[in-house]
Amino acid sequence: MQEGMSGREQQLIEISTRIFAEIWQNRLLSIKTDYETDQYRYDREVIGMIEKLLQRWKQLYDGQTKELQYIVISPLNSGVITRSYEFQIALFDQDLYIEENPLCAYWTPTFIYRDIEEDIMLYRQKASKEIIRLREDEIYEIRRRYTLCHAYITMFYLNKIVRKVYELPIWSEIAVQDIKVLYGAYMEQMVELGIAQKEVTI
């Protein structure tokens with residue numbers, strides 16, 4: 001038993017890990033197939049949002065000293081509570097996060113997140129056979145952890161999609177500095193997207 005963890009917590013993690021191992025493998029295949037079937041539309045969702053934000057930045061700050069330095073894509077913690085699973089795409093100058101109201105847009109990668117509730121229902125059915133009186137707060141924690149799996153796999157799809165942003169005409173007009181596209185939870189450690197990274201089979 002892990003230190004500081006009750007017997008029930010340990011049981012919950014062990015059973016949940018076993019159940020979700022199978023569910024997640026099936027979901028990964030489903031996500032991959034769906035993306036490949038309708039890749040152009042899903043890519044345009046992201047690229048179109050970033051393009052509009054870049055155009056807006058150019059309109060507001062062109063010719064001024066405020067230069068774009070970061071495009072930050074963040075999964076929102078509130079998305080787990082609301083079950084919207086939203087991401088924020090925000091633009092910043094060199095003072096990352098100091099801007100209280102950055103230029104931003106909100107996006108949900110539906111091809112990745114849309115079956116979470118179906119998977120949670122399947123989990124609930126299976127786990128209830130092994131865990132006595134499975135509580136809603138326990139289900140919430142399981143959903144939160146499962147959502148992190150989706151956020152992680154979203155990063156790899158975005159790493160491919162973001163590379164196409166560099167081909168936009170507006171990019172060459174505005175990218176006078178080394179702009180970085182970052183991914184991660186708000187104000188936490190970020191990963192740079194759109195660069196040559198080791199490909200991961202998904």
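In this chain, residues are counted from 1 in sequence order.
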Quiz item: Okay, side chain of Thr108, backbone of Ser84: is any donor-acceptor separation there less than 3.5 Å?
Solution: yes
Quiz item: Under 4.5 Å between any side-chain heavy atoms of Ile71 and Leu182, yes or no?
Solution: no
Quiz item: Mind checking whether Met155 and Val191 have side chains closer than 4.5 Å, heavy atoms only?
Solution: yes
Quiz item: Is it the case that one hydrophobic cluster holds both Val80 and Leu148, taking links as side-chain heavy atoms less than 4.5 Å apart, direct or via other members?
Solution: no
Self-check item: Residues forming a side-chain contact (heavy atoms from CB on, under 4.5 Å) with Thr17, sequence neighbours excluded
Solution: Ile13
Distance-only criterion, 3.5 Å: show the donor-acceptor pairs between side-chain atoms of residues 49-56 and protein atoms not counting sequence neighbours.
unit_1: Glu51; atom_1: OE1; unit_2: Arg44; atom_2: NH2; d: 3.4

Exercise. Quickly, which of Tyr35, Phe87, Tyr157 forms a side chain to side chain contact (heavy atoms under 4.5 Å, CB included) with Pro109? Name it, please.
Key: Phe87
Exercise. Please round to the nearest 0.5 Å and tell me the distance separating atom CD1 of Ile89 and atom CG of Leu158.
Key: 7.5 Å
Quiz item: Any chance the side chains of Glu45 and Trp107 put a donor and an acceptor closer than 3.5 Å?
Solution: yes
Exercise. Applying salt bridge (charged side-chain N to carboxylate O under 4.0 Å, His left out) between Arg8 and each of Glu14, Glu130, Glu138, report the one that passes.
Key: Glu138
Practice problem: Check the pair Ile15 / Lys126 against side-chain contact (heavy atoms from CB on, under 4.5 Å), numbers first and verdict last. | Solution: CA-CA 9 Å; Ile15 292 174; Lys126 292 187 174 185; over 6 Å; no
Quiz item: Considering only heavy atoms from C-beta outward, does the side chain of Tyr42 approach that of Asp34 to under 4.5 Å?
Solution: yes
Self-check item: Distance in Å, Leu68 CG paired with Lys180 NZ, rounded so as to fall on 0.5 Å steps
Solution: 12.5 Å
Quiz item: Roughly how far apart are Glu22 CD and Asp119 CG, rounded to 0.5 Å?
Solution: 11.0 Å
Quiz item: Is Glu141 paired with Arg144 through a side-chain N to carboxylate O contact shorter than 4.0 Å?
Solution: yes
Exercise. Kindly say whether the aromatic ring centers of Tyr113 and Tyr85 come within a distance under 6.0 Å.
Key: yes
Quiz item: From Glu67 CD over to Ile179 CD1, what is the distance, rounded to the nearest 0.5 angstrom?
Solution: 9.0 Å
Quiz item: Partners of Glu36 by side-chain hydrogen bond (donor to acceptor under 3.5 Å, both in side chains), sequence neighbours excluded?
Solution: Lys32
Quiz item: Under the side-chain hydrogen bond (donor to acceptor under 3.5 Å, both in side chains) test, which residues partner Ser16, sequence neighbours left out?
Solution: Tyr123
Quiz item: Can you name the residues that form a side-chain contact (heavy atoms from CB on, under 4.5 Å) with Asp137, not counting sequence neighbours?
Solution: Arg135
Quiz prompt | With Gln94 via side-chain hydrogen bond (donor to acceptor under 3.5 Å, both in side chains) - residues at least two apart | solution = none
Practice problem: Applying side-chain contact (heavy atoms from CB on, under 4.5 Å), name anything that partners Gln88, two or more places apart in sequence or on another chain. | Solution: Leu76, Ala90, Cys104, Tyr106, Tyr186
Self-check item: Derivation of the side-chain contact (heavy atoms from CB on, under 4.5 Å) call for Phe156 and Ile161
Solution: CA-CA 9 Å; Phe156 292 105; Ile161 295 169; over 6 Å; no
Quiz item: Are the side chain of Asn159 and the backbone of Gly194 linked by a donor-acceptor contact shorter than 3.5 Å?
Solution: yes
Practice problem: Carefully, step by step, assess Val165 and Val181 under the rule side-chain contact (heavy atoms from CB on, under 4.5 Å). | Solution: CA-CA 10 Å; Val165 172; Val181 183; over 6 Å; no
Quiz prompt | Lys160 bridged to Asp43 by N-O distance under 4.0 Å | solution = no
Practice problem: Give the C-alpha distance, both sets of side-chain angles, the deciding distance and a yes or no for side-chain contact (heavy atoms from CB on, under 4.5 Å) between Arg143 and Arg83. | Solution: CA-CA 10 Å; Arg143 176 183 281 104; Arg83 303 186 190 181; 3.4 Å; yes
Quiz item: Can you tell me how far the CG atom of Leu28 sits from the CD1 atom of Ile112, to the nearest 0.5 Å?
Solution: 10.0 Å
Practice problem: Check Phe92 against Val72 and note the closest heavy-atom contact, atom names and distance. | Solution: CD1-CG2, 3.8 Å
Self-check item: Ile139 side, atom CD1; Arg124 side, atom CZ - distance, nearest 0.5 Å
Solution: 4.5 Å
Quiz prompt | Residues that Tyr146 engages under ring-ring contact (aromatic ring centres under 6.0 Å, His included), provided they are two or more places apart | solution = Phe20, Trp24, His150
Quiz item: Does Ile81 have any side-chain contact (heavy atoms from CB on, under 4.5 Å) partners at least two apart in sequence or in another chain, and if so, which?
Solution: Tyr140
Quiz item: Just wondering, do Tyr70 and Leu91 contact through their side chains at under 4.5 Å, heavy atoms?
Solution: no
Quiz item: Among all residues two or more places apart in sequence or in another chain, which pass the salt bridge (Lys or Arg N to Asp or Glu O under 4.0 Å) test with Arg133?
Solution: none
Quiz item: Crowded around Asn77 CG? As in, over 12 foreign heavy atoms under 6.0 Å?
Solution: no
Quiz item: Ile174 and Trp57: which non-hydrogen atoms are nearest, and at how many Å?
Solution: CD1-CD1, 3.2 Å
Quiz item: Residues in ring-ring contact (aromatic ring centres under 6.0 Å, His included) with Tyr183, at least two apart?
Solution: none
Practice problem: Using atom types as modelled and distance alone, determine if a side-chain donor or acceptor of Ser74 lies under 3.5 Å from a backbone N or O of Gly184. | Solution: yes
Quiz item: Does Tyr152 share a hydrophobic cluster with Val162, counting links as ILVMFWY side-chain heavy atoms below 4.5 Å and allowing steps through other members?
Solution: yes
Practice problem: Tell me, please, which residues at least two apart from Thr33 pass side-chain hydrogen bond (donor to acceptor under 3.5 Å, both in side chains). | Solution: none
